[in-house]
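I have placed the structure first, in the form of structure tokens, so that the comments after it can refer back to it.
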Amino acid sequence: MPIAIDIAAQIPLLQGLDAETLTTVARLMSLRSYAAHELVLRKGDAADHLAFLISGKLQVVDLSEDGRETGIHFILPGVYFGELSVIDGQPRSASVKAMVTSEVAMLPSANARALIVNRPLIAERFLTHFAKIVRASSSHQTLLSIPNAYQRVFAQLQLFVRESHHGKVIEGMPKQHEIAIMVNTSRETVSRALHTLLKMNILEKRGTILVVNRPEQLKTAATMGLDEAMAANDLQQKAEKSSP
């Protein structure tokens, strides 16, 4: 069924369009619901729609030659996806699955392409979006090239760090098995890596967030490894104890 105009107006890509265009686009879109773990897009399928996540949480995933699933990134409400195949007409390059019950709005590919061509505002937003994709892809490939699994976990955690009134924190962190997929390791390895950082007081759990008490040590663990981070942590603890 078509989506409501007020829902379409809240989609970041469509904000700023004139009322007539927004009404037309909303009528062309259809709303679909997906259960947790259900595939929204399948790698290799034809590109028939540009998709927008209205509610829920999705993950872009790919399969290696040995059949192992690798998470690429998460999709949060307001974000659109499936745009590469919509533009070049090639099959989907990755799969997208629902992490929780999710609602997705679908705009037919032909209408999406017309919107890009005829609306400079939309075209500009697409270009900015693609620049972010290239940067994120480069960062993710660099992370996966790290041979040590613990170090990959530390590097991924560092990417989650944000500034807040608590200082540097990790909020809304994915579940351990989701991080494991993202860095191509086991959930047990992620659990042990987190436990180590908590034990070293590099991270501290406060309610639903993780406070990064020692951001430099986390950076060292991500870039140089755990042994170097432990050595740096020991030096800092000794300095703190000796200071008046």
Side-chain angles (χ1 to χ4, degrees), residues 12 53 56-62 69-81 94 96 99-100 128-240 243:
L53 180 59
K57 183 179 181 181
L58 311 176
Q59 186 175 32
V60 181
V61 298
D62 200 1
E69 189 179 85
T70 300
I72 300 175
H73 63 268
F74 291 101
I75 298 173
L76 300 177
V79 175
Y80 59 91
F81 55 99
V96 176
M99 305 304 294
V100 298
T128 301
H129 174 71
F130 281 126
K132 290 181 180 179
I133 287 178
V134 172
R135 292 182 186 277
S137 177
S138 176
S139 176
H140 189 251
Q141 290 301 317
T142 299
L143 186 152
L144 290 180
S145 70
I146 299 173
N148 184 279
Y150 281 89
Q151 199 172 335
R152 292 199 300 275
V153 176
F154 301 144
Q156 184 63 65
L157 291 173
Q158 190 180 24
L159 293 176
F160 293 147
V161 176
R162 298 289 183 270
E163 290 284 352
S164 80
H165 62 279
H166 294 290
K168 293 184 181 294
V169 301
I170 298 176
E171 295 182 282
M173 187 175 73
K175 296 178 180 178
Q176 291 182 8
H177 75 275
E178 295 173 353
I179 297 175
I181 292 173
M182 296 172 73
V183 301
N184 195 23
T185 190
S186 66
R187 188 202 63 78
E188 290 75 17
T189 297
V190 175
S191 179
R192 288 194 292 267
L194 280 167
H195 177 74
T196 299
L197 295 177
L198 290 166
K199 186 177 180 180
M200 295 170 64
N201 199 35
I202 292 175
L203 298 181
E204 178 187 351
K205 187 171 179 59
R206 293 185 192 172
T208 59
I209 68 173
L210 289 173
V211 177
V212 186
N213 289 329
R214 305 180 189 277
E216 287 304 315
Q217 274 69 38
L218 178 59
K219 181 178 180 181
T220 300
T223 57
M224 300 180 66
L226 184 59
D227 290 343
E228 287 78 2
M230 292 178 69
N233 198 56
D234 289 342
L235 287 174
Q236 183 168 337
Q237 287 181 331
K238 289 178 182 177
E240 290 173 353
S243 62

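Throughout, residue positions are numbered sequentially from 1 according to the sequence presented. Note that these values count all heavy atoms, side chains included, but never hydrogens, waters or copies made by symmetry.
Of all heavy-atom pairs between Asn148 and Gln151, the closest is OD1-N, 2.9 Å. The shortest non-hydrogen separation linking Ile179 to Pro174 is CD1-O, 3.7 Å. When all heavy atoms of Leu53 and Gly56 are compared, the pair lying nearest together is CD2-O, 3.7 Å. Nearest approach of Leu58 to Met99, heavy atoms of both residues: C-CG, 3.9 Å.
The CZ atom of Phe154 sits 14.0 Å away from the CE atom of Met224 when rounded to the nearest 0.5 Å. Here Asn213 contributes atom CG and Leu197 contributes atom CG; the two are 11.0 Å apart, rounded to the nearest 0.5 Å. In this structure, Thr208 OG1 and Ile170 CD1 are separated by 12.5 Å, a value rounded to the nearest 0.5 Å.
Between Leu159 and Met182, every side-chain heavy-atom pair lies at or beyond the 4.5 Å cut-off. Side-chain contact between Leu210 and Phe160 is absent, with no heavy-atom pair separated by less than 4.5 Å. Between Glu163 and Lys168, some side-chain heavy-atom pair lies under the 4.5 Å cut-off. Between Val183 and Ile146, every side-chain heavy-atom pair lies at or beyond the 4.5 Å cut-off. Under the 4.5 Å side-chain criterion, counting only non-hydrogen atoms from C-beta, Pro215 is not in contact with Val161. Two residues are said to be in side-chain contact when any heavy atoms from C-beta on lie closer than 4.5 Å; Val212 and Leu203 meet this criterion.
A donor-acceptor pair is defined here as one N or O able to donate and one able to accept, closer than 3.5 Å; no such pair exists between the side chain of Lys199 and the backbone of Asn201. Remark: side-chain polar atoms of Arg187 are not paired, donor with acceptor, to backbone N or O of Gln176 under 3.5 angstrom. Looking at Gln59, its side chain never comes within 3.5 Å of a backbone N or O of Val96 through a donor-acceptor pair. With hydrogens and angles disregarded, a donor-acceptor distance shorter than 3.5 Å links the side chain of Arg152 to the backbone of Asn184. The main-chain N or O of Arg192 is found under 3.5 Å from a side-chain atom of Thr196 such that the two form a donor-acceptor pair.
Lys175 is linked by a salt bridge (charged side-chain N to carboxylate O under 4.0 Å, His left out) to nothing, counting only residues two or more places apart in sequence or in another chain. Glu178 is linked by a salt bridge (charged side-chain N to carboxylate O under 4.0 Å, His left out) to Lys57, counting only residues two or more places apart in sequence or in another chain.
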Stepwise, does the side chain to side chain contact (heavy atoms under 4.5 Å, CB included) test hold for Gln156 with Thr185? CA-CA 12 Å; Gln156 184 63 65; Thr185 190; over 6 Å; no

